[in-house]
Student: 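So that we are looking at the same thing, I have put the structure below in C-alpha cells.
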Amino acid sequence: LNWQCFSEGYEDILYHKAEGIARISINRPRVHNAFRPLTVMEMQKAMDDARRDSEVGVIILCGTGGRAFCSGGDQKVRGDSGYKDDTGVHHLNVLDLQRQIRTCPKPVVAMVAGYAIGGGHVLHMICDLSIAAENAVFGQTGPKVGSFDGGFGASYMARLVGQKKAREIWFLCRQYNAQQALDMGLVNTVVPLEELEEVTVEWCREMLRNSPLALRCLKAALNADCDGQVGLQELAGNATMLFYMTEEGQEGRNAFVEKRDPDFSRFGRNP
Ligand code: 2NE
C-alpha cells in the first residue's frame, strides 16, 4: 500500500492512511511500545480523525518494530494514582481510548506482532478483529506488577475466552503464543510475520467492499449484547440515524420548519 503520512505533530505514534484504511502505530519500540499518557492522547486524536474522515472505512492499530504490539502502561512513568504526564498529572486515560475504539462506528483491527501484554493485551481484545503474527505473545501481568483491568479487560475477555480461561489468564499471568491465542478465540488468524500487513490489509479490503452501514449497525449490535445501556444507546443512535434518512422521519422535521401539521398518512404500517 502506498501509505500517506499524517504523523506530523505526533511524538509517540505514527499515523498513515491509504485506500480507505487508517493505520495508527504506537512508536515507542524501545519500551516494547508501552503507552504513557501522551501516547494515549495521541492515539485518541488519531482515532477521532479516522472516525471523522469519510474516506476512511477501517482502522488498523499496531506497534512499530515487529517485536511488540504494545506492552501496556509505561511502568516507568507510573505514579501513585496513575500514569504521570509531563506536568505530573496522573492518568488512566487508556480506559477512554478503549471506549473510543469500542464505540467507533468503523471496524478497528489489531495487527499484532510480538508482545501484546498487560494494557496492550486489553487494547487488542477491544479491537473488532485481531490478526496475529506467528511471533505474537499474549498475556496479562497486572497481578504481578500491581495492577488490574476489571472493566473490558476482565468482562470482555471472559466473553471471548470463557470464564475459566479468563481467570487463568489473569490469576496466573502466563504468556500464550499465537496458536494458543487462536485456539482460545483471542485472535482471528495467525500468519507469518512477513505477511502480517499484507493479510491485514486484505481483510480490511474485504470489509471495505461491504456495506459500511451494515458493518456499523452490526458492530453496535454486537457491542449492545455486552455493554448494557451504553450499548443500547449506541445501537439506538444508529436506528435514529437510519430514521432520519427516511421520508417519514424527514416529514416531521419539514412540517416543523414549514410551520404546518405533519402528515404521516402516506407512510404504511408494516406488520
Ligand atoms: C513485554 C515483556 C514480557 C518483554 O520482555 P523482554 O524480556 O523481551 O523485554 P524487556 O527487556 O523486559 O523489555 C525491553 C525494554 O522495554 C521496557 C523494559 O523495561 C526494557 O527496557 P530497559 O529496562 O532495558 O531500559 N519495557 C517493557 N515493557 C514496559 C512497560 N510496560 N513499561 C515500561 N517499560 C517497559 C516485558 O517487558 C514485560 O513484562 N513488560 C511489562 C509489561 C507490563 O507489566 N505492563 C503493564 C501492565 S498494567 C497495564 O498495562 C494497565 C492496567 O493494568 C490497567 C490500566 C492501564 C494499564
Side-chain angles (χ1 to χ4, degrees), residues 11-14 24-44 47 61-86 88-103 108 110-127 130 132-161 165-181 186-187 193 196 227:
E11 201 177 316
D12 283 8
I13 68 164
L14 300 177
I24 301 169
S25 318
I26 304 176
N27 189 27
R28 306 187 73 219
R30 268 178 301 180
V31 286
H32 282 322
N33 295 320
F35 53 77
R36 55 180 175 169
L38 179 68
T39 324
V40 176
M41 279 185 247
E42 292 185 353
M43 291 176 82
Q44 288 181 281
M47 276 294 302
L61 288 194
C62 59
T64 62
R67 291 181 57 221
F69 170 75
C70 174
S71 62
D74 187 329
Q75 298 307 296
K76 291 161 192 161
V77 301
R78 185 170 146 188
D80 291 343
S81 64
Y83 295 89
K84 271 183 295 191
D85 67 20
D86 285 347
V89 173
H90 292 190
H91 300 255
L92 273 173
N93 53 353
V94 75
L95 303 180
D96 299 328
L97 174 64
Q98 291 176 2
R99 286 196 298 276
Q100 199 180 356
I101 293 170
R102 191 121 175 114
T103 56
V108 183
M111 183 167 81
V112 182
Y115 290 108
I117 296 281
H121 186 252
V122 177
L123 276 186
H124 104 82
M125 282 198 302
I126 294 295
C127 292
S130 294
E134 283 168 348
N135 75 341
V137 179
F138 300 87
Q140 300 297 155
T141 60
K144 266 191 191 170
V145 299
S147 180
F148 63 89
D149 182 340
F152 285 120
S155 58
Y156 191 57
M157 180 193 285
R159 298 272 185 147
L160 293 179
V161 301
K165 208 71 197 173
R167 285 162 206 244
E168 173 191 315
I169 293 171
W170 273 107
F171 293 0
L172 278 66
C173 296
R174 287 185 183 167
Q175 293 181 356
Y176 301 86
N177 65 31
Q179 187 57 47
Q180 290 170 313
L186 268 178
V187 303
L193 178 59
L196 180 62
D227 293 357

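Just so we're clear, the structure is a prediction, and the values are computed from it rather than from any experiment. Atoms within a ligand are numbered from 1 in the order they appear, just like the ligands themselves.
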Student: Can you tell me if Gln175 has a non-hydrogen atom under 4.0 Å from ligand 1?
Tutor: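 A heavy atom of Gln175 does come that close to ligand 1.
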Student: Check whether any protein heavy atom sits under 4.0 Å from atom 44 (O) of ligand 1.
Tutor: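 Yes, at least one protein heavy atom sits under 4.0 Å from atom 44 (O) of ligand 1.
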Student: What distance do Arg78 atom CZ and His91 atom NE2 have between them, rounded to the nearest 0.5 Å?
Tutor: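 The NE2 atom of His91 is 15.5 Å from CZ of Arg78, to the nearest 0.5 Å.
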Student: For Asp74, which part has a heavy atom under 4.0 Å from ligand 1: side chain, backbone, both, or neither?
Tutor: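 Both parts.
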Student: I'd like to check which ligand 1 atoms, numbered from 1 as shown, lie under 4.0 Å from a non-hydrogen atom of Arg30.
Tutor: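 Those qualifying, in numeric order: 15 (C), 16 (O).
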Student: Would you say atom 34 (N) of ligand 1 touches the protein, meaning some protein heavy atom is under 4.0 Å from it?
Tutor: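 Looking at atom 34 (N) of ligand 1, one finds that a protein heavy atom does lie closer than 4.0 Å.
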Student: Please report the C-alpha distance between Glu11 and Arg36 in whole Å, then the side-chain angles of each, then the deciding distance to 0.1 Å, and finally whether the salt bridge (charged side-chain N to carboxylate O under 4.0 Å, His left out) criterion is met.
Tutor: CA-CA 11 Å; Glu11 201 177 316; Arg36 55 180 175 169; 3.2 Å; yes
Student: Counting heavy atoms only, which part of Ala34 comes closer than 4.0 Å to ligand 1: side chain, backbone, both or neither?
Tutor: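 The side chain, only.
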Student: Would you say the ring centroid of His124 lies under 6.0 angstrom from that of Phe138?
Tutor: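 That pair passes the under 6.0 Å test.
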Student: Looking at atom 21 (O) of ligand 1, would you say a protein heavy atom lies below 4.0 Å from it?
Tutor: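 So far as the 4.0 Å threshold goes, atom 21 (O) of ligand 1 is in reach of a protein heavy atom.
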Student: Do any non-hydrogen protein atoms sit less than 4.0 Å from atom 7 (O) of ligand 1?
Tutor: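 Protein heavy atom within 4.0 Å of atom 7 (O) of ligand 1: absent.
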Student: Counting each atom of ligand 1 from 1 as listed, which ones have a heavy atom of Ser147 under 4.0 Å away?
Tutor: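 Checking each atom against Ser147, I get 48 (S), 51 (C), 52 (C), 53 (O), 54 (C).
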Student: Flag the pair Ile24 / Leu14 as yes when at least one side-chain heavy-atom distance between them is below 4.5 Å, and no otherwise.
Tutor: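 A side-chain contact under 4.5 Å is absent here.
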